[in-house]
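What follows is a single structure, written as structure tokens, with notes after it.
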Amino acid sequence: MINRQIVLRHRPVGVPVASDFALIESPLPECRDDHLVVRVDYLGLEPSARPRMDASSPYSVPVALGEPIPSTGVGQVIASRASGFVPGDWVFVHSGWQRYAASSASAARKIDPGRAPLPKWLSLLGLSAFTAYVGMTVLAPPRPGETVVVSAASGATGAIAGQIARLHGARAVGIVGGPEKCLYVESLGFDAGVDYKAKDFAAQLDAACPHGIDVNFENVGGDVLGAVFARMNPHGRVLLCGLISQYNAIDDARGPNLWRAVYNAIRIEGFLASRHWDRIPAFIDEALAWAEAGQLQQREHIVEGLEQAPAAFRDLLGGRHLGKAIVKLTD
Ligand SMILES: NC(=O)c1ccc[n+]([C@@H]2O[C@H](COP(=O)([O-])OP(=O)(O)OC[C@H]3O[C@@H](n4cnc5c(N)ncnc54)[C@H](OP(=O)(O)O)[C@@H]3O)[C@@H](O)[C@H]2O)c1
């Protein structure tokens, strides 16, 4: 059997282009002690792969030239030298853009396609949704009546963060690019969608947040964060989940005026969901229960074929999707 991988050929300058990637064939990964080898059926595209394509990345270890692009993935174990895993098990792994991936046992997690179809383990039950859950239930759970503003609200993480804020009884406002996306987040139950690309963005944000902002779930950074920050109430909480507006930036990134954090005693907290894995079982039970009760939805934007991953990744960075961006792999 032959593996197919999409690897980094050149380090992108700005937005990645097709020639930054190469589709290669390679032998199947070997199964080392305490490891498993997985046939990956679906890849979850993750924006954090972009800063990792740079030579030095503040986010995590940079990808070396010739290595697969990082991603999440779900599939079936085909070989195991790890206790607790046998061929045939279904798992979530950090696969990378490839059909067959080796994973340490500690980085793999069993999933049950009997509880939810495979792509749902990347969307409703995946890393992005879990990130939203950690932020909105553990780190900065909003109180009833508070105003929560979520940026990149039509995407995989933001859409879930806003819906969980609503489940806490908070007012949820989603910042998105374009009027269609405003309607989309309102259809998910957000109290208002606000278009950051519109000329009257500031006025829209004021109208949507008449009592200021208590909690900010921040996915974007730059000018969007600046606009939110300027409206934060005393003792507000800012959760820095991601800064996607800066991932392709070549120049120095812009940001908010931090003086407001001083005089309004605002708490700013960055976080990585991967440091909270112990909460995954509770998250899955709760997310499935909310979904069954019609209180939590997540769209999937699925393209088919490994060779489509680079274009789908560009679309993800450019916001040309709703919900979780996924690539289905077939032989
Ligand atoms: N801390 C963690 O553990 C963790 C884990 C997972 C994800 N994240 C972060 O969460 C954020 C969202 O990731 P995701 O996977 O859920 O992606 P996503 O929201 O599905 O897609 C990215 C979204 O970002 C928006 N966007 C792109 N460039 C923008 C810009 N310049 N200004 C404003 N909005 C922009 C686009 O929406 P528009 O069309 O509305 O512009 C797009 O929908 C990212 O920052 C990611 O790094 C963090």
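Just so it is clear, the model here is predicted, and its values are computed rather than measured. Worth knowing before you read on, the calculation uses all heavy atoms, side chains too, and leaves out hydrogens, waters and symmetry mates. Both counts, for ligands and for their atoms, begin at 1 and track the order of listing.
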Anything under 30° is parallel, anything over 60° is perpendicular, the rest tilted; go ahead and classify W277 against H94.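 Aromatic pair W277/H94 classed tilted.
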
In terms of ring plane angle, is the pair Y133 and F130 parallel, tilted or perpendicular, where the classes change at 30° and 60°? parallel

Which of the atoms of ligand 1 are close to L316, meaning less than 4.0 Å from one of its heavy atoms?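 Ligand 1 atoms under the 4.0 Å threshold to L316: 17 (O), 18 (P), 20 (O), 21 (O), 22 (C), 42 (C).
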
At a 4.0 Å threshold, what atoms of ligand 1 neighbour a non-hydrogen atom of L272?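 Answer, ordered by atom number: 1 (N), 3 (O).
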
Within 45 degrees of the ring normal and closer than 6.0 Å to the centroid, is that where the cationic atom of R109 sits relative to F92? yes

Residue list, side-chain hydrogen bond (donor to acceptor under 3.5 Å, both in side chains) with R237, at least two apart or on another chain: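 Checked R237 against side-chain hydrogen bond (donor to acceptor under 3.5 Å, both in side chains); matches are E146.
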
How far is [atom] from its nearest protein heavy atom, and which residue and atom name does that atom have?
atom	answer
atom 5 (C) of ligand 1	T131 OG1, 3.2 Å
atom 23 (C) of ligand 1	A152 CB, 3.9 Å
atom 11 (C) of ligand 1	N219 OD1, 3.4 Å
atom 35 (C) of ligand 1	Y196 OH, 3.6 Å
atom 19 (O) of ligand 1	G155 CA, 3.3 Å
atom 40 (O) of ligand 1	G177 N, 2.7 Å
atom 14 (P) of ligand 1	T157 OG1, 3.6 Å
atom 17 (O) of ligand 1	P47 CG, 3.5 Å

Nearest heavy atom to atom 37 (O) of ligand 1: which of H301, K181, E218 does it belong to? K181

Are L243 and ligand 1 in contact, using a heavy-atom cut-off of under 4.0 Å?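 Right, L243 reaches ligand 1.
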
Under a 4.0 Å threshold between the charged nitrogen and the carboxylate oxygen, would E46 count as salt-bridged to K324?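 Looking at E46 together with K324, the answer is yes, because their closest N to O distance falls below 4.0 Å.
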
Check salt bridge (Lys or Arg N to Asp or Glu O under 4.0 Å) between K328 and all other residues, then give those that pass, not counting sequence neighbours. none

Could you give me the CA-CA distance, side-chain angles and deciding distance for I69 and F21, then say whether side chain to side chain contact (heavy atoms under 4.5 Å, CB included) is met? CA-CA 9 Å; I69 308 302; F21 305 97; 3.8 Å; yes

Measure from the side-chain N and O atoms of D195 to the backbone N and O of G178, and report whether any donor-acceptor pair falls under 3.5 Å.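 Yes; judged by distance alone, with no hydrogens or angles, the pair exists.
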
